[in-house]
Structures are given as C-alpha cells and as structure tokens.
Visitor: 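Pasting in a structure now, in structure tokens, and then I'll have a few things to ask.
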Amino acid sequence: MADSREYLTQIEENGSIHISQEVIASIAFDAMREIEGVGAMSQNMTEQLTEQFTGKKGTHGVRAEVQNGEIVVDVYLMVKYGFTIPDVAKKVQDAVGVAVGNMTGYSVKTVNVHVSGISFN
C-alpha cells in the first residue's frame, strides 16, 4: 500500500485482505449515530494536530488497531446533557463491537469509550 493510510491486514491462502482504518472508523461512526444520547464525536489531540498541519481529515473520533489478531477500537465522543454517561457508553461499546465485528470479520477485543464532554444541543 503506497499511501499513508493505516490498514488492518488479514493474510489468506490466496492473498491478503487490507481494511483501511478509515473504514473501521466509518463503521463505528455509523453504529454510534444510532445510539440515543451520543451528542457529537470528538477528535483526540493527535487527530486535531494532524488535521491542522496536514489538512488530512480525521477519522471521526475513532481509532482502531489490531492486537494479536483482534481489533481494539477507541472512540472519542460527547454525551448529550440529561443522559447517563455509563449507559450511553455501554450502548456504544455494544453497537460498535457488533457492527465492526460483523462487517470486518475480525474479532473485536475491546471498545474503549472516551467521553470528552457534554453536548447541550
């Protein structure tokens, strides 16, 4: 892969399957949009700096990596005012884990939810 994207790679008998981390981010983002109480996605500091200095768009506040053949997903979001943070976070963990696992075929080891604030919209 010649570009600067990060890929999750699965070696098969007849070749390799490369899934862009941006694809994982899109799957996770779509799953989170369905959860009542998710106010907005937020970028971590690395994404903010990368976007600011390179112009490259961030990954919707989602980071994914493969560890020992399993996906670890970190999501950064804001919770809408009036919702219970642990309840929303648990629903996000469940929805993202199922969606990413079903669409990629990888086992999702963990979904870490980082709540960076409260959304009043």
Side-chain angles (χ1 to χ4, degrees):
M1 304 280 132
D3 57 24
S4 63
R5 293 181 184 173
E6 295 290 329
Y7 287 87
L8 307 176
T9 301
Q10 183 173 344
I11 308 298
E12 298 289 328
E13 289 178 11
N14 54 351
S16 300
I17 299 171
H18 303 280
I19 303 172
S20 168
Q21 287 187 358
E22 292 173 354
V23 171
I24 305 296
S26 293
I27 294 167
F29 180 77
D30 285 343
M32 286 184 287
R33 282 191 323 174
E34 303 297 319
I35 304 301
E36 189 176 20
V38 173
M41 301 306 298
S42 56
Q43 295 176 316
N44 63 30
M45 185 61 81
T46 303
E47 285 180 316
Q48 290 173 357
L49 291 172
T50 299
E51 189 171 318
Q52 182 178 1
F53 291 111
T54 67
K56 178 182 170 188
K57 290 290 183 192
T59 53
H60 306 294
V62 179
R63 194 178 118 239
E65 61 183 56
V66 176
Q67 296 177 354
N68 300 322
E70 297 178 307
I71 296 178
V72 175
V73 181
D74 284 277
V75 296
Y76 301 83
L77 56 85
M78 296 176 73
V79 173
K80 287 183 181 177
Y81 179 79
F83 287 86
T84 306
I85 293 172
D87 292 344
V88 172
K90 176 66 175 142
K91 289 176 185 175
V92 167
Q93 285 177 319
D94 293 342
V96 169
V98 168
V100 170
N102 287 344
M103 292 195 71
T104 64
Y106 278 88
S107 174
V108 178
K109 181 179 179 181
T110 57
V111 177
N112 300 308
V113 178
H114 305 269
V115 179
S116 62
I118 302 296
S119 171
F120 292 96
N121 296 336

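Small disclaimer: the values here were computed from a predicted structure and weren't measured. Counting from 1, the numbers follow the sequence of the chain as shown.
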Visitor: Which residues satisfy the side-chain hydrogen bond (donor to acceptor under 3.5 Å, both in side chains) test with Glu34, sequence neighbours excluded?
Guide: none

Visitor: Can any side-chain N or O of Gln21 pair as donor or acceptor with the backbone N or O of Ala64 at less than 3.5 Å?
Guide: yes

Visitor: Quick check: closest heavy atoms across Asp74 and His114, and the distance to 0.1 Å?
Guide: OD1-NE2, 2.7 Å

Visitor: Side-chain donor-acceptor pairs under 3.5 Å in residues 84-97, sequence neighbours left out?
Guide:
from	atom 1	to	atom 2	distance (Å)
Lys90	NZ	Asp94	OD1	3.0
Gln93	NE2	Val111	O	2.9

Visitor: So which atom in Ser119 and which in Met78 form the shortest heavy-atom distance, rounded to 0.1 Å?
Guide: N-CE, 4.1 Å

Visitor: Evaluate Tyr106 against Ile19 for side-chain contact (heavy atoms from CB on, under 4.5 Å), listing each step before the verdict.
Guide: CA-CA 11 Å; Tyr106 278 88; Ile19 303 172; 3.9 Å; yes

Visitor: If every non-hydrogen atom of Val108 is compared with every non-hydrogen atom of Gly101, which pair is closest and at what distance?
Guide: CG2-N, 3.6 Å

Visitor: Can you name the closest pair of heavy atoms from Lys80 and Gly39 and give their distance?
Guide: CG-CA, 3.5 Å

Visitor: With clusters defined by side-chain heavy atoms of hydrophobic residues (ILVMFWY) lying less than 4.5 Å apart, directly or transitively, does Val98 cluster with Val73?
Guide: no

Visitor: Honestly curious: do Val72 and Val62 fall in one hydrophobic cluster under the side-chain, below-4.5 Å linking rule?
Guide: no

Visitor: Measure the spacing between CD1 of Ile27 and OG1 of Thr104 and express it to the nearest 0.5 Å.
Guide: 6.0 Å

Visitor: Establish whether Ile17 and Val100 are linked, either directly or via other cluster members, by ILVMFWY side-chain heavy-atom contacts under 4.5 Å.
Guide: yes

Visitor: Where do Val79 and Leu77 come nearest, in terms of heavy atoms and distance?
Guide: CG2-CD1, 3.8 Å

Visitor: To the closest 0.5 Å, what do you measure between CD1 (Ile24) and CZ (Arg63)?
Guide: 13.0 Å

Visitor: Quick one: salt bridge (Lys or Arg N to Asp or Glu O under 4.0 Å) partners of Glu70, sequence neighbours excluded?
Guide: none

Visitor: State whether the side chain of Ser20 and the backbone N or O of Glu22 hold a donor-acceptor pair below 3.5 Å, judged by distance alone.
Guide: yes

